[in-house]
Amino acid sequence: MDGTEEEGYAAFLAERREEILQRIAEAAARAGRDPAEVSLLAVSKTVGVPQVDLAWRAGYRAFGENRPQELVRKLKGIAAYPEMAGARFDMIGHLQTNKVREVVGNVALVHSVSSTHLAEAISKRGVSHGVTSDVLLEVNVSGEESKSGFSPDEARTALEGILALPAMCVRGLMTMAPAHDTDAARRAFSGLRDLRDELAERGGLEFPILSCGMSDDFPIAVEEGSTIVRLGRTVFDPSYVLG
Ligand SMILES: *Cc1c(COP(=O)(O)O)cnc(C)c1O
C-alpha cells in the first residue's frame with residue numbers, strides 16, 4: 001500500500017466499523033439485549049500485518065485467525081508495532097492436535113475445541129507450560145456433514161471429562177451456521193443458546209460466551225444471543241456489501 005491507498009483503506013475500515021456497530025446495536029435492540037454484551041472479533045486471516053495495524057487504528061482490539069501458522073506469523077509481525085502490544089488474538093479455526101503448541105499461550109480464547117482428543121492435547125500442553133487455556137466447545141448444531149465440531153449429543157457426553165481437565169477453562173460454545181439460509185442460521189444460533197443453557201444448568205456452571213455470527217448472518221446471531229461475532233469479509237473487504 002502506498003500512502004494514498006493506505007489513507008483510503010483506513011477511511012474504509014473506520015466507516016465500516018461504525019456501520020457494523022450500528023447493525024449490532026439495532027439487532028440487540030430488537031432482541032431487548034444490551035449491545036455491550038456483544039464483542040466484535042475481526043477475522044484477519046485474509047489480510048497482512050499492515051492491514052491489521054490499520055484495523056487497530058480504526059478501533060478494533062481483538063483479532064481471529066484460523067490457522068496456527070498464520071497466527072504465529074501475525075504475532076511476530078505485530079511485534080514491530082508497539083501500539084498493538086495489547087492486541088488480542090483468538091484461534092477460531094480447525095486445530096490439529098500436533099499444532100496445539102503454536103496456539104496454547106498465544107491466544108486469549110480457543111473457539112474451536114471440536115473433540116475430546118484435542119481438549120486433552122491443549123490441557124496437556126498447558127500443564128507442561130503453566131498455561132490455563134480459555135476455550136469454547138465447537139458444536140455442529142446444524143448437523144451438516146461438512147462441519148466439524150461435537151454433535152449436541154457428543155457435547156452432552158463429553159462435557160464432564162473436558163471440565164475435569166486441569167489446564168482448561170470452558171467458557172462457552174461456538175458454532176458455524178449453514179450458509180445462504182437465514183432460517184437455518186437462526187435455528188443453529190438458537191440451538192446453540194439452548195444447548196448452552198441446558199449444559200450450564202445441568203453442571204451448575206456458567207458458560208457465558210456464545211461465539212456465533214459471521215459477515216452474512218451476524219445480526220441474526222446477535223438477536224439469538226451471540227456474545228462474540230467473528231467478522232472477516234465485512235471488516236476487511238471493501239467490495240463486500242454489508243446487507
Ligand atoms: C473466516 C471465518 C470467519 C469469518 O467469516 P466471514 O464470512 O469472512 O465474516 C468466522 N469464523 C471462522 C471460523 C472463519 O474461519
Side-chain angles (χ1 to χ4, degrees), residues 9 12-13 15-24 27 38-48 51-52 54-55 58 60-74 88-96 99-100 102-103 106-115 118 122 133-142 144-150 171-182 184-186 188-189 192 209-243:
Y9 192 59
F12 157 74
L13 288 170
E15 200 176 310
R16 181 54 66 85
R17 182 167 173 274
E18 288 308 316
E19 290 169 356
I20 292 167
L21 292 174
Q22 183 66 34
R23 294 291 199 287
I24 291 173
V38 184
S39 59
L40 179 44
L41 191 72
V43 177
S44 48
K45 64 190 181 190
T46 62
V47 299
Q51 284 81 2
V52 174
L54 291 174
Y60 293 100
R61 292 293 174 267
F63 301 91
E65 288 288 334
N66 71 335
R67 291 171 195 276
Q69 210 178 345
E70 180 62 16
L71 169 73
V72 170
R73 199 181 75 85
K74 287 280 185 0
R88 161 184 171 145
F89 275 82
D90 287 5
M91 180 68 199
I92 62 171
H94 186 65
L95 185 54
Q96 288 172 314
K99 298 281 166 57
V100 298
E102 285 155 21
V103 173
N106 275 338
V107 295
L109 182 67
V110 180
H111 293 229
S112 43
V113 172
S114 53
S115 71
L118 175 60
I122 292 171
S133 296
D134 280 331
V135 306
L136 308 177
L137 303 187
E138 180 173 356
V139 183
N140 182 359
V141 180
S142 64
E144 286 176 290
E145 294 265 344
S146 59
K147 292 201 156 52
S148 55
F150 295 93
R171 307 268 296 138
L173 304 179
M174 177 272 220
T175 201
M176 312 251 290
H180 316 301
D181 183 342
T182 51
R186 189 179 294 281
F189 301 143
L192 190 75
I209 300 178
L210 291 176
S211 168
C212 58
M214 308 189 349
S215 291
D216 289 339
D217 55 24
F218 71 94
I220 302 171
V222 170
E223 288 175 16
E224 298 298 332
S226 173
T227 67
I228 303 182
V229 292
R230 309 180 309 267
L231 306 184
R233 289 168 298 155
T234 189
V235 168
F236 288 106
D237 180 356
S239 72
Y240 183 87
V241 179
L242 177 55

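One-based numbering, in listed order, for ligands and for the atoms of each.
- At the top of the distance list for atom 9 (O) of ligand 1, counting protein heavy atoms only, stands Ser215 OG, 2.5 Å.
- One option in Lys45, Arg230, Met214 has a heavy atom closer to atom 2 (C) of ligand 1 than any other, and that option is Lys45.
- Distances shorter than 4.0 angstrom occur between a heavy atom of Met176 and an atom of ligand 1.
- Remark: Arg23 fails to qualify as a cation-pi partner of Phe218 under the 6.0 Å distance and 45° angle criteria applied to the six-membered ring.
- For ligand 1, the atoms lying closer than 4.0 Å to a non-hydrogen atom of Ile92 are 11 (N), 12 (C), 13 (C), 14 (C).
- For the pair His94 and Asn66, the minimum side-chain heavy-atom distance is 4.5 Å or more.
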**OP:** Show your reasoning for whether side chain to side chain donor-acceptor pair (under 3.5 Å) applies to Glu144 and Ser142.
**Re:** CA-CA 6 Å; Glu144 286 176 290; Ser142 64; 3.3 Å; yes
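- The distance from ligand 1 to the heavy atoms of Gly232 drops below 4.0 Å at these ligand atoms: 4 (C), 6 (P), 8 (O), 9 (O).
- Among all protein heavy atoms, the one lying closest to atom 7 (O) of ligand 1 is Arg233 NH2, 2.8 Å.
- Annotation: the span from Leu136 atom CG to Thr227 atom OG1 amounts to 8.0 Å, rounded to 0.5 Å.
- Ion pair Arg186/Glu223 flagged as a salt bridge, since at least one NZ, NE, NH1 or NH2 atom sits closer than 4.0 Å to an Asp/Glu carboxylate oxygen.
- The distance from atom CG of Asp90 to atom NE2 of His111, rounded to the nearest 0.5 Å, is 3.5 Å.
- Remark: ligand 1 atoms within the under-4.0 Å shell around heavy atoms of Leu231 are 9 (O).
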